[in-house]
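All remarks here apply to the structure that follows.
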Amino acid sequence: MAHDHHDDDHDHEQEPPSDIALRVKALESLLVEKGLVEAAALDAIVDHYEHKVGPRNGARVVAKAWSDPAYLERLRADATAAIAELDFTGRQGEHMVAVENGPRLHNLVVCTLCSCYPWPVLGLPPVWYKSAPYRSRAVIDPRGVLAEFGTTLPDDVEVKVWDSTAEVRYLVIPERPAGTEGLGEEALAALVTRDGMIGTTRL
């Protein structure tokens, strides 16, 4: 499975667009041509999720869960409501479940049917999340997929795969890194990565 840890546009300037990217562009052009959507509206949506949301919202959720035990309990009980406390709501984030990594448990999120993804907390999904190889292999060979992301787990760590759907989307709460006890929420949030909240990497 091809994987690039950096999905920024500048990393792919020399690469031809993927089939999915070409299909999306064609569909976008058709919708604009027929007057069903405005190009400016599409650009505004993409800009919002790429630059204003991104994974930063999810990082704030994780940081608060690490530093506020009462919030963590609310997140465990009803992740949708707990995340909404921070005003992170909207389409693709109506039904959220938080799953926690631990010393003996590692969680990995995939959407085997399409690319269901929690936009309000993680922004736009990375290209590899939507790819057929990731969607199929994450279920049948999760350790192999994790290894391709540079994540090699001890044999005594259970890997649990969660399949997102239109009804339920998952947010992985990574283990809090050692030595961060004195950090505030803002500093903690800066340690949290998108891939860590999908479960392909550990922090």
Side-chain angles (χ1 to χ4, degrees), residues 5 48-111 115-126 129 138-139 142-143 145-147 149-203:
H5 290 281
H48 175 76
Y49 282 102
E50 279 189 340
H51 301 110
K52 297 181 177 66
V53 178
R56 291 186 291 275
N57 290 352
R60 286 185 56 197
V61 172
V62 171
K64 188 167 184 64
W66 283 346
S67 55
D68 184 342
Y71 181 78
L72 176 58
E73 286 303 317
R74 295 196 298 277
L75 192 64
R76 288 168 172 163
D78 186 341
T80 307
I83 292 169
E85 290 179 27
L86 302 180
D87 293 325
F88 304 146
T89 60
R91 289 178 58 86
Q92 315 300 321
E94 300 92 341
H95 306 289
M96 295 292 302
V97 172
V99 292
E100 299 171 67
N101 284 351
R104 298 293 179 88
L105 175 65
H106 185 87
N107 296 286
L108 177 65
V109 179
V110 66
C111 178
S115 58
C116 293
Y117 191 78
W119 287 30
V121 289
L122 294 186
L124 296 174
Y129 183 85
V139 174
R143 288 182 181 274
V145 169
L146 288 172
F149 282 84
T151 304
T152 302
L153 302 173
D155 291 340
D156 63 350
V157 174
E158 176 189 359
V159 178
K160 189 162 188 177
V161 179
W162 300 88
D163 193 356
S164 284
T165 67
E167 286 74 37
V168 180
R169 290 171 174 83
Y170 298 92
L171 176 68
V172 174
I173 308 300
E175 281 190 274
R176 181 171 177 165
T180 61
E181 292 75 12
L183 298 182
E185 287 186 24
E186 186 174 342
L188 288 171
L191 302 175
V192 183
T193 65
R194 177 202 64 198
D195 290 6
M197 292 182 285
I198 297 173
T200 50
T201 62
R202 283 185 150 184
L203 303 186

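What you see below is based on every heavy atom in this structure, not just the backbone, and it leaves out hydrogens, waters and symmetry mates. Bear in mind the structure is a predicted one, so any value in this text is a computation, not a measurement.
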Nearest 0.5 Å please: distance from the [atom1] atom of [X] over to the [atom2] atom of [Y].
X    : Y    : atom1 : atom2 : answer
T152 : R202 : OG1   : CZ    : 10.5 Å
D163 : R169 : CG    : CZ    : 11.5 Å
T200 : L146 : OG1   : CG    : 7.5 Å
H106 : R143 : NE2   : CZ    : 9.5 Å
E175 : N101 : CD    : CG    : 6.5 Å
T151 : D195 : OG1   : CG    : 8.5 Å

Minimum heavy-atom distance [X]-[Y], with the two atoms named:
X    : Y    : result
A189 : A63  : N-CB, 3.6 Å
A59  : V192 : CB-CB, 3.7 Å
A84  : T89  : CB-CG2, 3.5 Å
W66  : P177 : CH2-CD, 3.5 Å
N57  : P120 : ND2-O, 2.9 Å
A98  : I173 : CB-CG1, 4.1 Å

Subject >> The single option from V99, T201, L108 passing side chain to side chain contact (heavy atoms under 4.5 Å, CB included) against V172 >> reply: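 When side chain to side chain contact (heavy atoms under 4.5 Å, CB included) is applied between V172 and each of V99, T201, L108, only V99 qualifies.
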Subject >> Criterion side chain to side chain contact (heavy atoms under 4.5 Å, CB included) against I198, the qualifying member of F149, Y170, Y129 >> reply: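 Of the listed options, the one satisfying the test is Y129.
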Could you check if a side-chain atom of [X] sits within less than 4.5 angstrom of a side-chain atom of [Y], using non-hydrogen atoms only?
X    : Y    : answer
Y117 : L124 : no
L72  : E100 : yes
L183 : L191 : yes
R176 : L188 : yes
V109 : S164 : yes
P174 : V62  : yes

**OP:** Return yes if some donor-acceptor pair links the side-chain N/O of T80 with the main-chain N/O of M96 below 3.5 Å, else return no.
**Re:**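 Looks like yes, one N/O pair under 3.5 Å.
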**OP:** Kindly write out the residues that satisfy side chain to side chain contact (heavy atoms under 4.5 Å, CB included) with P154, not counting sequence neighbours, or none if the list is empty.
**Re:**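 P154: side chain to side chain contact (heavy atoms under 4.5 Å, CB included) contacts with D156, V157.
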Original post:
What residues form a side chain to side chain contact (heavy atoms under 4.5 Å, CB included) with T165, not counting sequence neighbours?
Top reply: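 So T165 forms a side chain to side chain contact (heavy atoms under 4.5 Å, CB included) with E167, V168.
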Original post:
Any chance CD of E181 has more than 12 other-residue heavy atoms, nucleotides or ligands included, within less than 6.0 Å?
Top reply: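 It does: E181 CD has more than 12 such atoms within range.
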